[in-house]
There are 2 protein chains.
Amino acid sequence: MTAPPRRVTQRDIARLAGVSQATVSLVLNNRADAEIRIAPETRDRVLRVIAETGYAADPVARRLASRFNRIIGVFTYEPAFPSGSRDFFHPFLLGIEEYAERVGCDLLLFTSAPVVDGRRRIFHQDNRLRLADGCILLGREVDGAELHRLNRDGYPYVAVGRRDDAGGPVPYVGADYATAVNRLAELALRHGHRRLTYVGMGSTAESSEDRRRGYQAAATTAESARQVSAVAEDADACLDDLLADGTTVAFVEDFATAVALESAARRRGLTVPGDLSIVTLGDPTVPVPTDIAFTGFLIPREEMGRQSVEVLTGVIDGSAAGLQQRLLPCELVEGNTLGTPDPAVDRR
Amino acid sequence: MTAPPRRVTQRDIARLAGVSQATVSLVLNNRADAEIRIAPETRDRVLRVIAETGYAADPVARRLASRFNRIIGVFTYEPAFPSGSRDFFHPFLLGIEEYAERVGCDLLLFTSAPVVDGRRRIFHQDNRLRLADGCILLGREVDGAELHRLNRDGYPYVAVGRRDDAGGPVPYVGADYATAVNRLAELALRHGHRRLTYVGMGSTAESSEDRRRGYQAAATTAESARQVSAVAEDADACLDDLLADGTTVAFVEDFATAVALESAARRRGLTVPGDLSIVTLGDPTVPVPTDIAFTGFLIPREEMGRQSVEVLTGVIDGSAAGLQQRLLPCELVEGNTLGTPDPAVDRR
DNA sequence: CATAGATGCTAATACGTATTAGCGCGGTGG
DNA sequence: CCACCGCGCTAATACGTATTAGCATCTATG
């Protein structure tokens, strides 16, 4: 194999066109400020040489010299492999990709970030953040300390999902879980339910808190509105608890837990929603096979992806300072796991 | 917003540690050649300052100065949006991502490449290829002229899918369609089929040619082994043709066409494989809803993704010169659309 | 004809890192 | 006492682009 021919640079263009490198740069960037003047014939000559040589600017040097790169970084907190949550994140990426394409940006996936204690780290020995103009942060749980540092460094970023302040407001594009859960709870109340239980995952993430907040706000008119924690593996115990309590509708944060609850109920000869209504609070984060059409809502994942790019570009160029925190509405899904409470169970 | 604090550079580290910038660079890169010597205490001092300041090398400057970046480019020929073929490409990306993570590389998706005549172009005004150390090329049809140019420029790349030479051998990781189709054809012959028809897409892509080659190689012992072209929208006409010919088994290149053929047959009261056997030649490239378990084979898409990264890293560092073209075996899927030919139809 | 202003371009420099030739210093052998 | 060598480090430069101050040259004006 012969040595790769050195790439064509502006200096080569300049030599061929009989001008200086600076002139080539000016022509390339279409600089037509009052201060910058290039004779049309010179410009044409330079452009002709550029076309002949097939020259293309080195984006690395460009980035080093000036400020921007048109590269958007994407950082995923969850370790990529092995992980069932990939399918959950895919729609976000599709939205990001779509909008990045529209605005002519490339996407840099920080797959090299090391995993420590089961979580990717942004900041580490060989931090590569600066390769991109800014960065989109994906992940259920985002490290507050790292957000602090991003803010302190003035590095442009946006989180997908609402985040609490971290040494300053955190730009984000989130889903409006509070409103969605609130609506579902009010729907259940209108169906006549009076004993509600929120089955959480024991997570303190903002997304979990928002859901609980929406639930609590609606639950004031209920006879009982509890909160418990459960995981899919523990569905039988959870079901026991719900039945003992006389709960008529369960708001289940984790989709897999809802599926497990439903099958546990079915195994005992109970029907959903006949004996127990189950409402889910978001798309499955791990693939769960089920034929049940759960009542719940959809997270607008693709749209969140798109808008996160939009917000990020605003953060990068310093515009749109007021619109850097967005909550998008979730579409309710009617499903058929929310019914009217069984009168026999309702008043016990 | 205050002006972003200028990032910490090696010069800052050098000043704080009382050494020169060169020394900082040497320490950072763990240079311990015979020619390079740094006193342990100096090294420690520098490392301490680095830790205190949280310094991280600017990857852009690093790339400009030296050669490598640990960034792998991914170029997708198909326009990303709107496109049903996304689901087809996703597994490749998963494999690529997994291996990139393993070798500590980031992934740059060239979403900014403009679409001309329905196809993305690598080479254009503001070509960004050089941001990455090398590039993986994804897509059904890859432009031969662009491959030529990549070869000429000495740019490291690897194609996913076998490619003909283009001014030199093209590094690739492909699927061994020829062998897979050959096996299927021989299986059909063993089942007693004697009138075969290959239903192609009229594509001249290497992947299509490989399939046809495998088919032809096996078909020598058949009574009739034709080739026709058809698309899913034209399934009825194709079915007419197959029946008129007395074909007992159709090898259908395009998955969607196979699905359409099967439902056309069913609409006419024919059964598959009772009246006609149908064999598919690869995974669906566009999402097609079907409950049929077609006989055919699986393209090892994730593995192709993984190995493409492996080959690319070899191309980049110039090693493994002999192993730059790989064909991976496809797993046959038994399915239930290949039966024994109906004797009434068989001899006509 | 001197001067001012406009025009068209270039020289110089910055960006942050990697690399390499070579400098000063202390020790050792003759 | 000099020559030489190994050690530890630094000065200088390269990478390719963007930016800016300012130098010629020309034109218009008094």
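Chain letters run A, B, ... following the sequence lines, proteins first, then strands; residues in each count from 1. It should be emphasised that the depicted structure is a prediction, and the values quoted were computed from it without experimental measurement.
A distance of 13.0 Å separates CD of Gln307(B) from CG of Leu312(B), quoted to the nearest 0.5 Å.
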Could you go through residues 34-47 of chain B and list every donor-acceptor pair under 3.5 Å that involves a side-chain atom there, pairing it with any protein atom two or more places apart or in another chain?
unit_1, atom_1, unit_2, atom_2, d
Arg37(B), NH1, Ala34(B), O, 3.1
Arg45(B), NH1, Ala17(B), O, 2.4

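Distance Tyr55(A) OH to dG16(D) P: 10 Å, rounded to the nearest Å. For Arg11(A) and dC15(D), the CZ to C1' distance is 9 Å, given to the nearest whole Å. Atom CZ in Arg62(B) sits roughly 18 Å away from atom P in dG16(D) (whole-Å rounding). If you measure from atom CG of Leu28(A) to atom P of dA18(D), you get 7 Å, rounded to the nearest angstrom. Atom-to-atom, CZ of Arg63(A) to P of dG16(C) comes out at 11 Å; the value is rounded to the nearest Å. Between the CD atom of Gln10(A) and the C1' atom of dC15(D) there is a distance of 13 Å, given to the nearest Å. Whole-Å rounding puts the Leu64(A) CG to dG16(D) P distance at 12 Å.
Contact between the side-chain N/O atoms of Ser25(A) and the OP1/OP2 oxygens of dA18(D) is found at a separation under 4.0 Å. Between Arg31(A) and dT19(D) there is a side-chain polar atom (N or O) within less than 4.0 angstrom of OP1 or OP2.
For Glu206(A), the side-chain hydrogen bond (donor to acceptor under 3.5 Å, both in side chains) test picks out Arg163(A), with sequence neighbours left out. Under the salt bridge (Lys or Arg N to Asp or Glu O under 4.0 Å) criterion, Asp164(A) pairs with Arg162(A), not counting sequence neighbours. Legend: residues meeting ring pair (Phe, Tyr, Trp, His ring centres under 6.0 Å) with Phe75(B), ordered by chain and number and at least two apart, are Tyr77(B). With sequence neighbours excluded, the residues satisfying ring pair (Phe, Tyr, Trp, His ring centres under 6.0 Å) with Phe92(B) are Phe88(B). The side-chain hydrogen bond (donor to acceptor under 3.5 Å, both in side chains) search around Asp106(A) returns Ser112(B), Arg128(B), not counting sequence neighbours. Under the side-chain hydrogen bond (donor to acceptor under 3.5 Å, both in side chains) criterion, Arg102(B) pairs with no residue at all, not counting sequence neighbours. Scored by the side-chain hydrogen bond (donor to acceptor under 3.5 Å, both in side chains) test, Arg140(A) finds no partners at all (sequence neighbours excluded). Here Tyr172(A) pairs with nothing under the ring pair (Phe, Tyr, Trp, His ring centres under 6.0 Å) rule; sequence neighbours left out.
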What does nucleotides 7-12 of chain D look like as a protein-contact string, B for base, S for sugar-phosphate only, - for none, at under 4.0 angstrom between heavy atoms? BBBBB-
Between N or O atoms, less than 3.5 Å apart, protein on one side and nucleotides 23-26 of chain C on the other: list the pairs.
none

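Between Glu98(B) and Arg306(B), at least one side-chain N (NZ, or NE/NH1/NH2) sits under 4.0 Å from a carboxylate O, which counts as a salt bridge.
Direction change of the helix axis from one end of the helix from dC1(C)-dG30(D) to dG30(C)-dC1(D) to the other is 70°, with five pairs defining each end axis (rounded to 10°).
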